[in-house]
2 protein chains.
Amino acid sequence: MTYSDKLINYYETVARECVLGLSLDCVIFGFHDTRLKVLLVRWRGTKEWCLPGGFIYKTESVDAAAGRVLYERTGLTQLFLQQFHLFGDAVRYDVENTWQRQKMPMPFGSGTWPSRTISMGYYALVDYTKVTPTADFLSDECDWFDVFELPSLLYDHRQIINVALKTLRLQLNWQPIGLNLMPEKFTIPELQRLYEAVLGRPLDARNFHKKISSLSILTRLNERRTGGAHKSPYLYQFDLTNYQKALVNGNLIFV
Amino acid sequence: MTYSDKLINYYETVARECVLGLSLDCVIFGFHDTRLKVLLVRWRGTKEWCLPGGFIYKTESVDAAAGRVLYERTGLTQLFLQQFHLFGDAVRYDVENTWQRQKMPMPFGSGTWPSRTISMGYYALVDYTKVTPTADFLSDECDWFDVFELPSLLYDHRQIINVALKTLRLQLNWQPIGLNLMPEKFTIPELQRLYEAVLGRPLDARNFHKKISSLSILTRLNERRTGGAHKSPYLYQFDLTNYQKALVNGNLIFV
DNA sequence: GCAAAAGTGTTGTGATTACACCCATGC
DNA sequence: GCATGGGTGTAATCACAACACTTTTGC
């Protein structure tokens, strides 16, 4: 059985068992080395990348389907995962061009397969250090990219990432961004780098420290991060109880 | 041809021409007599109400489909219309119970019709005075209801309205709520009633007046609203240029 | 005249911003 | 010892919340 046959077989299975005409695209954000990252997969046999995505089983909730896609690519469960936009334009991208770039028999126009696909966008925030990027049946590779240095993307996925980033910025104050993107232990300057990476502008270290401290959402550990050619910063971890309270009160403001 | 036959015919047409398994529900907010209103339709031959909704033609954008549904129920075009949530639980409501309450042959389980429906929620803000509520093929009646005094609703539509209201409250500061819900000319106390209706709590008249004035988004007209047994308030209208600026700056804050 | 709502200003408080120096570490 | 980044406090400004009385109108 050639890969091409397998692919056709795959689309037949999807057409039988999944909701037709609706798909998911997941923008998975991570944070590493002062940069905001996004997880992409490389389409099999090509140099084209795209967002991890998938279909929804007929008896599965849409949120659960998004969780499943994320688990398959990252190995993580219980992620921070959130709807952000339904991409439903009548013509979202150049189907012909995309088909050629994917170098694969695509099911478009086959009768059972719809000629256009509506896609629900989810974004996820994950701890970069805990992710094991894993390719799937349709892809050769799965890897992180700097959100400001993206490769050539299939479909309208660049636009989807832009909308996700815009949403992330708006929700920075109301959502547990730090909690989900940082590793368990981290320093305050590292957390500041995350906020700076998301907002795209520098923040004042003293004001950041003061603000974070005033929220009582962090616990200082009796450990320091050593190795840098400078004063060793303290390590912190989130105080979950107080973090929840601060979120409910909408106090996490860095606009 | 009986109505029942027509209904079956309708669902067959939808199955042929529309995206299957995905529908729209529109929460249309209006403001009248100091109360926040929502537009509902009464299911034909029953006392059950539900949100105006519809399906998406295969070649139509989802946003355009929502605009179409709204036009059909209100007669308005160019409405403020916004996605707010995708309702995609595997089991959203008791299908059997709903079917009985609708007293109609429903297409569920007919083979071509999917056994579950995912629904995209849109909310719209409209000028109550300009709306002509119009029933459709599936409904006997279309009318406004106080958002806090809703009748018995089909499906999970009460929950959808709750989510829409929550979204509206969150977006009160960032979206042109007043511009879309108020008639062309209005008084500042009337605008204050709208904010109070959305937020569900009273606001201080002096602070409200001061805040609104400081934004320079209103133009005072040389007219007053007469007829009340009290001092006649000035009429105002929105200064669109400055309104847009204030929105971009995120200044419209009444949290 | 009287009831009902409109219109208006000041003050206190809390949050945000701007800003500069010393300290610890690795090399 | 020196370069690098970490850690810390104060003062000015701004936005928001609390608060009371006079004016206008219809009846």
Side-chain angles (χ1 to χ4, degrees), chain A residues 33-35 172-174 178 182 185-197 199 201-237 242 245-247 249-255, chain B residues 33-35 169 172-174 182 185-197 199-237 245-247 249-255:
Chain A
D33 196 19
T34 79
R35 311 284 277 181
L172 190 58
N173 306 323
W174 319 97
M182 298 304 284
K185 298 174 181 181
F186 54 89
T187 69
I188 289 191
E190 282 163 7
L191 184 63
Q192 187 182 331
R193 301 293 161 266
L194 166 62
Y195 275 83
E196 290 173 336
L199 291 171
R201 64 180 172 84
L203 298 171
D204 182 279
R206 278 164 299 191
N207 292 337
F208 187 85
H209 193 283
K210 201 189 326 173
K211 178 73 180 175
I212 287 285
S213 305
S214 76
L215 296 171
S216 316
I217 57 175
L218 298 184
T219 309
R220 188 160 92 174
L221 306 174
N222 284 325
E223 288 179 75
R224 288 156 174 268
R225 165 99 62 218
T226 55
H230 46 73
K231 188 169 176 177
S232 310
Y234 287 101
L235 286 169
Y236 288 79
Q237 61 186 19
N242 286 334
K245 278 187 210 158
L247 281 174
N249 297 334
N251 283 336
L252 302 182
I253 298 190
F254 293 90
V255 174
Chain B
D33 196 19
T34 79
R35 310 284 277 182
R169 283 181 179 158
L172 190 57
N173 307 322
W174 319 97
M182 298 305 284
K185 298 175 181 182
F186 53 90
T187 69
I188 289 191
E190 282 163 8
L191 184 63
Q192 185 182 332
R193 301 292 162 268
L194 166 61
Y195 275 81
E196 290 173 334
L199 291 173
R201 64 182 172 83
L203 297 171
D204 181 278
R206 278 163 300 187
N207 292 336
F208 187 84
H209 193 284
K210 203 188 326 172
K211 177 75 181 170
I212 286 286
S213 304
S214 75
L215 295 172
S216 315
I217 57 174
L218 298 183
T219 308
R220 187 159 92 173
L221 305 174
N222 283 326
E223 290 179 75
R224 288 157 175 268
R225 168 98 63 218
T226 54
H230 46 74
K231 189 168 175 177
S232 308
Y234 286 100
L235 285 169
Y236 289 78
Q237 62 186 20
K245 277 188 212 159
L247 281 175
N249 296 334
N251 283 337
L252 302 181
I253 299 190
F254 293 91
V255 174

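Just the heavy atoms: all of them, side chains too, but no hydrogens, waters or symmetry mates, feed the values below. Proteins get letters first, then strands, A, B, ... in listed order; numbering begins at 1 in each.
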Worksheet item: side-chain hydrogen bond (donor to acceptor under 3.5 Å, both in side chains) with K231(B): which residues, sequence neighbours excluded?
Response: none
Practice prompt. Could you pull out all residues at least two apart from R206(A) that satisfy side-chain hydrogen bond (donor to acceptor under 3.5 Å, both in side chains)?
Written response: none
Worksheet item: Can you give one letter per nucleotide of nucleotides 8-14 of chain D, going 5' to 3': B for a protein heavy atom under 4.0 Å from the base, S for sugar-phosphate only, - for none?
Response: BBB----
Please produce a list of atom pairs where a protein N or O lies less than 3.5 Å from an N or O of nucleotides 2-5 of chain D.
unit_1 : atom_1 : unit_2  : atom_2 : d
dT4(D) : O2     : A229(A) : O      : 2.8

Worksheet item: Got a sec, which residues hit side chain to side chain contact (heavy atoms under 4.5 Å, CB included) with P189(B), two or more places apart in sequence or on another chain?
Response: T187(B), R193(B)
Practice prompt. Could you check how far CD of E190(B) sits from P of dA4(C), rounded to whole Å?
Written response: 19 Å
Worksheet item: Separation of R225(B) atom CZ from dG26(D) atom P, in whole Å?
Response: 14 Å
Discussion item. Expressed as a whole number of angstroms, how long is the span from Q192(A):CD to dG7(D):C1'?
Written reply: 12 Å
Fill in: Gap between atoms CZ and P, on F208(A) and dG6(D) respectively (whole Å)
12 Å
Worksheet item: Excluding sequence neighbours, so at least two apart, what forms salt bridge (Lys or Arg N to Asp or Glu O under 4.0 Å) with K185(B)?
Response: E223(B)
Practice prompt. Just jot down the ring pair (Phe, Tyr, Trp, His ring centres under 6.0 Å) partners of F186(B), sequence neighbours excluded, or say none.
Written response: F238(B)
Worksheet item: At their closest point, which heavy atom of D204(B) faces which heavy atom of Q192(B), and how far apart are they?
Response: C-NE2, 4.1 Å
Only pairs under 3.5 Å count here: list side-chain donor-acceptor contacts from residues 213-221 of chain A, not counting sequence neighbours, and write none if there are none.
unit_1  : atom_1 : unit_2  : atom_2 : d
S213(A) : OG     : H209(A) : O      : 2.6
S213(A) : OG     : H209(A) : ND1    : 3.4
S214(A) : OG     : K211(A) : O      : 2.7

Worksheet item: In whole angstrom, what separates K211(B)'s NZ from dA18(D)'s P?
Response: 15 Å
Worksheet entry | side chain to side chain contact (heavy atoms under 4.5 Å, CB included) partners for S232(B), two or more places apart | R224(B), T226(B)
